[in-house]
J.: 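Shown below is the structure under consideration.
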Amino acid sequence: MNLAISVAGVTKTFGSTVAVDNLDLAVPMGALYGFIGPNGAGKTTTLRMIMSILFPDRGELSVLGRPAAIEAKDRIGYLPEERGVYRKMRVGAFLMYMARLKGVKDFSPERVAAWLERLHLPGVQDKKCEELSKGMLQKVQLIAAVLHAPDLLILDEPFSGLDPVNMRLLRELILAEHRRGATIIFSTHVMVHAEEICDHIVMLHQGRKVLDEDLVSVQRRHDPRALIFEPFERGADASALAALDGVDKITRDGGTYRIDLREGADPVRAMRAVAAAVPPSRLEVHRPSLEDIFIGLVT
Amino acid sequence: MSKIFLIARRDFLATVVTKGFIIAIMVPPIIYTAIITVFPRLMNNRVPAVSGRLVVVDQTGQVTAGVRRYLEPQAMAARREATFNRAMESTPMGGAPSGAHGAVAQRAVMGELTAIDITESQAGALEAEKQQLTRDDGVRRLGVLVIYPNAVEPNAEGKFGAYDLYVRRNLDIRIQNEIRNGAADAIVEARVRAAGLDRKRIDALTTVARPTSITVTESGESATRPDFGQLLPMGFALLLMISVMSSGQYLLTTTIEEKSSRTMEVILSAVSPFELLTGKILGQMAVGLTILATYSSIGILSLMSMAMLGLVDPLLLVYLFIFFLITYVTMGSLMAAIGSSVNELREAQSLMTPITLLMMIPWLFWFPISREPNSTFATIVSFIPPMNAFAMLLRLTSTAPPPMWQVWLSIVVGIIAAGCALWFASRIFKIGLLMHGRPPNVATLLKWARQG
């Protein structure tokens, strides 16, 4: 398999703190990876090492077939978590500067304008960066990360600070870049974001990798064998459900019941039986959220 | 390489194409011009009005008339005018200003002239006269001048006496000098007369005109300016100092700005820390060269306007350029390293202290080196970076330039030092760039340099 990123046995410590502990990772070309984990899990440190901004104490790294990203920086787009711009520089000049730093020789002002248009920032190229709002600047920085059509796109917490409209815009942009063929890694501590777009999840906790799997199989493997049930008539007595075949126990949370099934029980048969016993307004197989999985893994 | 150039170009333009820079680069020449043109004029400004009573107790009876003559308003005016003209000739612009401007300056220097009222008194009344000096009863008393009985003719042992001068509190020192000069002049005149000689003839015999020497250069002859030999090294050292310190300061502030605005990591996604450091150093080097070129041109133009260009060897400008590069890379690297390791300008101050001291030390050496450009001390300092550039420039521009091997050795030592500083800085830079939080001290910086 052609790997965009391979990390083997990488460790990074800051003083006495182990930020990343013996991490192995293999990201294939064209994949869309989500790095998730709480604050301080080591996501940013890992991404910075992949970017050759930090260097590991131990272990091997290879990015786009090179021993260090430093040799392939022009093919990588990076949106750091700590984002900044030259405050006195004009937006258009800043983007042109970034494009040229990324090795695009003939980047034209028209292309800058087109990018700004695409991210709903028409006509801001003549404004100084300091005149833009935080959300607008974040989009400008995102453009700076993708304008050279990178083969590898690394986004550190790209969703933080965006409103729902811009979040959707960003999601569409990430998916479009994915369709273009770029390998994408993004980190987030908000697991819902990863669930929405990733096809592969890497979960970090206290510097260690606790999960590295594609999203569907993660969810299947961590199937809690439970149903979510709401009775059609509010306040209907659902205690009879506990006696059904294959049901382990039921727990009530407001108007919603969680029905845990015994090991080996067939969820389809159990659903039929539940529906027959008490008419449901809602009855579904419980899909584990990444949050549930994460909490299950680390506790 | 092209990325380094891009960074250098951006840093250069972002620094130079600002109102602040244009003002900053223009202020020092304006101040300097103001100092050399206005200051000598202010020096003698407003001689206080000389008015009041001087009591002379003349125990020879032959001196009072001379004192009175010396302190007459017309005589004082003539002497002041002569002093004024001498002062004007010693300014770099040369010569007394002419026209209306000159008249104004002259009036300012001369001050108001009021006659000193001279009264005579007796030795017996001395104590009473001294008492009067502490009192103000409508008549302003300046002092009491007591001429010794043997001031004009020697006493039994063949000794000449002089005079005592009692003055009131806070009497201007220039007036005291006038009175003392007057007393001395009058006593000499009385002695000459008593000896039966002709004062005018003695004056004529003891006075020799003192013409200035004439410097001969390829481009012609011009009157030697005794101060030029000192001004030239000073000018070169100042140029080096100003250009290194301003561009170094810009390097420090732009690095801190990039770090505190978190632009650093965005840039680092496109270039390596070393490329960034090199680009920034080159960019601010161009700023320093702009400053250097601007001031050098101003200097050359003003020398040309005074027809003194021939006095400066063009090779000196080449050395200035070389020593600027060496000193700038050495100091600039250290300042970039400091900039990368702190979060804001305030935190940089404590780390900057040793750097500032390094830049100030050469000024302590200025006097000994310019007095004796080839002393052992001057030679040793010429090989100790980063002072070597200052020492060498002072020696090169002095009247006794050092041998060529010393110049080249100093340049080689400087280049090695610049390389070491750059190496040291690049290691700190790499680590410091992404460090936030508590600012490091010097020990931490050294640790980073070892780890880097």
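For the numbers below, each heavy atom of this structure counts, side chains included, while hydrogens, waters and symmetry mates do not. The structure presented is a predicted model; accordingly, all values stated were derived computationally and were not measured. In what follows, chains are A, B, ... by sequence order, proteins preceding strands, each numbered from 1.
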J.: Heavy atoms, side chains only, cut-off 4.5 Å: are Met51(A) and Glu265(B) in contact?
T.: no
J.: With a 4.5 angstrom heavy-atom cut-off, is it the side chain or the backbone of Leu433(B) that approaches chain A, or both, or neither?
T.: neither
J.: Tell me which of these, Gln141(A), Glu81(A), His148(A), Met89(A), has more heavy-atom pairs under 4.5 Å with chain B than the rest.
T.: Met89(A)
J.: Would you indicate whether Arg58(A), at its atom CZ, is surrounded by more than 12 heavy atoms from other residues, nucleotides or ligands within a distance under 6.0 Å?
T.: no
J.: Give the minimum heavy-atom separation between Ile267(B) and Tyr97(A), together with the two atoms involved.
T.: CD1-CE2, 4.1 Å
J.: Would you mind telling me which of Ser272(B), Ser260(B), Pro273(B) has the largest number of heavy-atom pairs within less than 4.5 Å of chain A?
T.: Ser272(B)
J.: For Ser62(A), check side chain to side chain donor-acceptor pair (under 3.5 Å) against everything at least two apart and list the hits.
T.: none
J.: Once rounded to the nearest 0.5 Å, what's the spacing between atom CG of Leu268(B) and atom CG of Leu101(A)?
T.: 10.5 Å
J.: For residues Lys73(A) and Val271(B), determine if any side-chain heavy atom of one lies less than 4.5 Å from a side-chain heavy atom of the other.
T.: no
J.: Counting C-beta onward and ignoring hydrogens, is there a side-chain heavy-atom pair between Thr263(B) and Arg87(A) closer than 4.5 Å?
T.: no
J.: Measure the shortest side-chain to side-chain distance between Arg100(A) and Arg9(B) over non-hydrogen atoms and say whether it is less than 4.5 angstrom.
T.: yes
J.: Please assess Arg262(B) against Val85(A) for the test side-chain contact (heavy atoms from CB on, under 4.5 Å), listing each intermediate value before the final yes or no.
T.: CA-CA 7 Å; Arg262(B) 317 279 162 144; Val85(A) 290; over 6 Å; no
J.: Are more than 12 heavy atoms, taken from residues, nucleotides or ligands other than Glu344(B), located less than 6.0 Å from that residue's CD atom?
T.: yes
J.: Checking the side chain of Lys102(A) only, and the main-chain atoms of Ser269(B) only, is there a donor and an acceptor separated by less than 3.5 Å?
T.: yes
J.: Indicate yes or no: at least one non-hydrogen side-chain atom of Ile431(B) is less than 4.5 angstrom from one of Phe55(A).
T.: no
J.: Does the side chain of Val266(B) reach to within under 4.5 Å of the side chain of Pro80(A), using non-hydrogen atoms?
T.: yes
J.: So for atom CZ, which belongs to Phe14(A), do other residues, nucleotides or ligands contribute more than 12 heavy atoms lying within a distance under 6.0 Å?
T.: yes
J.: Can you confirm whether more than 12 heavy atoms, excluding those of Arg208(A), are under 6.0 Å from its CZ atom?
T.: no
J.: Within the 3.5 Å criterion, strictly below it, is a donor on Glu257(B) or Tyr86(A) matched to an acceptor on the partner's side chain?
T.: no
